[in-house]
Amino acid sequence: MKIALVDVNNCFVSCERVFAPNLEGRPVVVLSSNDGCVVARSNEAKALGIPMGIPWFKAKGIAQGVVPLSSNFALYADMSNRFMSILSTFSPNIETYSIDECFLDFSGFSFDLSGYAQQIRKRVKQWIGLPVCVGIGSTKTLAKLANHVAKKRSEWQGVCDFTSMEEARLDRLFSEIDVGEVWGVGKKLKEGLDSIGIGSVFELKSADQARMKALFGINLGRMVSELNGNACRDLEIVSPNQHGIMSSRSFGRGVFACEELEEAASLHVSIAAQKLRAQGSVCGAVQVYIRTSPFSLDAYAMGSTVPLMDSTDDTLLLIKAALSGLRRIYRPGYAYAKAGIVLIELSDKRRQTADLFADREEASKRSRLMKTLDEINLRHGRNKVGPGISGISADRSWSTKKGNRTPAYTTDWKALPVALAL
DNA sequence: GCTAAATTCAGAC
DNA sequence: CTAACGGTCTGAATTTAGC
């Protein structure tokens, strides 16, 4: 097996820079929703020592002169789609792993892979303006690691191919890389591995596979195998349906009124239900939750699961369920910071057993209504039409803060003049 | 005391 | 002026429930 991992450098910042070239060479960060935490940093921002994930208000001290941007997911998602479609011209089998990463199957390719990877970099840069790095290895774990090397060591010029390197050279390289860089080794596992004297990738690779499995679980065992070139994870070319669909968001201010929580919860149901229908599933139960800031002294958090008599993908029925759950858990007097819902117990709509007592004419009317709703929103933008209970966007005084949101350059006609003016 | 289901944990991005 | 800390998803491990 030969696998390449292509990853966009500093993805969100790079997407912003395509449409704001004046940000090139300057320290830039992109913030999470509600302008809360730093979720992407340009190299210049990294050089200033701004850590990933730090709350923005805490970073301001060391962030003199840094440009903070609110996140613009409409833009990133669209850039991502373009990125993936370019990559599909380089291999018939690809796995979209995340918004900015993609595995490509290079098995059976006998030509110069490094040169081929350079062509990928060139084409992505030329066609959509994004800088990417490519890692190549005989397993997914190795491809990930190779990508890390390609990013960190500029002498590789953005491409690192482990499959063309001698074992001894690889081992020397691995002994210089921290074990925490391995895909799947997070904070906790790193601590555990450190405590038994495994600090480098080479030490993990050389460890006894059965022992690692016994000590740290099945994943560590697999990691050791994969580092040694024995694949445990296959390419997942068709993405399976999601097992749960969730929508939640922090409020831009404290929310006290139950009606506003209802507005938010039903908006979240609308968003999630649309996704549910898009993947052809129905939902058997709805979870609702609300919480104050967990950092507040007077914290409150509660959730509730509402089972549905019959599985459905009807937004209105799902909202009804969510609201009944919400009313059970709402306590007046708290400054709520966040509300969210999760659609669970999903199953395939086509395999749904028919309800003997259902009003079939009513059901088909409802399903046409949902279909129309989805079509309008697809064409005219998210939540242009929806149930009245979700409120209209102009009135949602609780919605998230986004002080520095750039225009949706690629997905909104109204942003076109701005894009052209650049 | 077993298996199955539910919940929590850890990780990724 | 102060207070301000993301969102979605997966799979494994662990706990609890039901027999």
Side-chain angles (χ1 to χ4, degrees), chain A residues 5 7-13 15 29-41 51-61 63 68 70-73 76-77 80 95-103 140-141 144-145 147-148 151 179-193 213-223 232-233 236 239-254 264 268 271-272 275-276 279 284-285 287 289 291-297 299 303 305 307 335 337-346 400-403:
Chain A
L5 178 72
D7 186 316
V8 180
N9 305 343
N10 312 330
C11 180
F12 297 168
V13 168
C15 287
V29 298
V30 173
L31 304 176
S32 64
S33 118
N34 226 16
D35 293 344
C37 301
V38 172
V39 292
R41 304 159 296 158
M52 180 63 165
I54 190 177
W56 177 235
F57 74 91
K58 282 188 181 173
K60 279 181 183 165
S70 305
S71 50
N72 183 347
F73 273 92
Y76 312 147
S80 175
E95 173 188 337
T96 298
Y97 175 69
S98 74
I99 193 160
D100 75 326
E101 283 176 67
C102 186
F103 289 106
K140 282 178 155 185
T141 303
K144 275 274 217 185
L145 199 60
N147 188 280
H148 167 80
K151 278 223 171 74
V179 71
E181 302 297 343
V182 176
W183 187 30
V185 178
K187 190 165 164 279
K188 208 72 179 210
L189 275 174
K190 183 178 155 45
E191 268 172 36
L193 289 168
K213 183 178 167 183
L215 282 177
F216 298 104
I218 189 155
N219 283 331
L220 240 292
R222 285 179 190 158
M223 274 175 226
C232 304
R233 305 159 169 276
E236 286 168 26
S239 59
N241 278 353
Q242 286 171 214
H243 301 302
I245 299 175
M246 108 168 191
S247 178
S248 72
R249 203 117 310 170
S250 306
F251 300 124
R253 57 162 170 83
H268 289 310
I271 293 165
K275 248 188 180 173
L276 181 77
Q279 71 166 32
Q287 280 177 358
Y289 66 90
R291 66 160 177 77
T292 62
S293 164
F295 306 102
S296 137
L297 293 172
T305 302
K338 181 176 180 177
I341 67 95
V342 194
L343 305 182
I344 55 171
E345 291 173 27
L346 309 191
T400 49
K401 284 179 285 197
K402 40 183 177 184

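Letters go in sequence order (proteins before strands), and every chain restarts at 1.
The 12-atom threshold is exceeded at NZ of A/Lys151, counting heavy atoms of other residues, nucleotides or ligands nearer than 6.0 Å.
In terms of position along DNA chain C, the nucleotide closest to A/Phe73 lies nearer the 5' end than the nucleotide closest to the other residue of the pair A/Phe73 and A/Phe216. Nearer to the 5' terminus of DNA chain C, by closest-nucleotide assignment, is the contact made by A/Phe12 (compared with the other of A/Gln242 and A/Phe12).
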Nucleotide by nucleotide, 5' to 3', does protein get under 4.0 Å of the base (B), only the sugar-phosphate (S), or neither (-) in nucleotides 7-12 of chain B, counting heavy atoms?
-> ---SSS
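In this structure, A/Phe57 places its CZ atom 18 Å from P of C/dC1, rounding to the nearest Å. Atom-to-atom, CZ of A/Phe251 to P of C/dG7 comes out at 10 Å; the value is rounded to the nearest Å. In this entry the distance linking CG of A/Asp35 with P of C/dC5 reads 11 Å, nearest Å. Note: CD1 (A/Ile99) to P (C/dG6) measures 19 Å, nearest angstrom. Spacing between atom CZ of A/Arg253 and atom P of C/dC5 amounts to 15 Å, rounded to whole angstrom units. Rounding to whole angstrom units, CD of residue A/Gln279 and P of C/dC9 are separated by 9 Å. Atom-to-atom, CG of A/Leu346 to C1' of C/dT8 comes out at 13 Å; the value is rounded to the nearest Å. For A/Ile245 and C/dC9, the CD1 to C1' distance is 11 Å, given to the nearest whole Å.
Here A/Phe251 contributes atom CZ and A/Ser293 contributes atom OG; the two are 13.0 Å apart, rounded to the nearest 0.5 Å. Between the NZ atom in A/Lys190 and the CD atom in A/Glu181 there is a gap of 8.5 Å [rounded to 0.5 Å].
Taking only side-chain atoms of A/Val39, from C-beta outward, the nucleotide of C/dG6, C/dC5, C/dT8 with the closest atom is C/dG6. Nearest nucleotide to the A/Lys60 side chain, out of C/dA13, C/dA4, C/dC5: C/dA4. Taking only side-chain atoms of A/Met246, from C-beta outward, the nucleotide of C/dC9, C/dC5, C/dG6 with the closest atom is C/dC9. When distances run from any side-chain atom of A/Pro55 to the nucleotides C/dT8, C/dG11, C/dC5, the shortest one goes to C/dC5.
Judged purely by atom type and a 3.5 angstrom limit, A/Asn147 uses its side chain to pair as donor or acceptor with the backbone of A/Leu5. Within the 3.5 Å criterion, the main-chain N or O of A/Val39 finds no donor-acceptor partner in the side chain of A/Ser32. Checked by atom type and distance alone, the side chain of A/Gln279 pairs as donor or acceptor with a backbone atom of A/Gln242 at under 3.5 Å. In this structure, A/Ser70 contributes its side chain and A/Asp35 its backbone to no donor-acceptor pair below 3.5 Å.
Checking the phosphate oxygens (OP1, OP2) of C/dG7, no side-chain nitrogen or oxygen of A/Ser247 falls inside 4.0 Å. Remark: A/Arg249 is in phosphate contact with C/dT8, judged by side-chain N or O atoms under 4.0 Å from OP1 or OP2. Residue A/Lys275 places at least one side-chain N or O closer than 4.0 Å to OP1 or OP2 of C/dC9. Contact check, A/Ser250 against C/dG7: a side-chain N or O comes under 4.0 Å of OP1 or OP2.
Residues A/Trp183 and A/Lys140 approach most closely at CZ3-CB, 3.7 Å, considering heavy atoms. Taking each heavy atom of A/Ala40 and A/Phe12 in turn, the nearest pair found is CB-CB, 3.8 Å. In terms of heavy-atom proximity, A/Gly254 sits nearest to A/Ala335 at CA-CB, 4.4 Å. Heavy atoms only, all atoms of each residue included: A/Asn34 and A/Gly252 are closest at OD1-CA, 3.6 Å.
The aromatic ring of A/Trp56 does not sit over the base of C/dC5, since the test of centres under 5.5 Å and planes under 30° is not met.
Backbone-only engagement by A/Arg222 is indicated by non-hydrogen atom pairs under 4.0 Å involving sugar-phosphate atoms exclusively.
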A correct dot-bracket answer for DNA chain C, with pairs being Watson-Crick or G-U at under 3.5 Å, [ ] for crossing pairs and | for inter-strand pairs, is ......|||||||||||||
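Spacing between C/dG6 and B/dG11 at atom C1', rounded to whole Å, works out to 16 Å.
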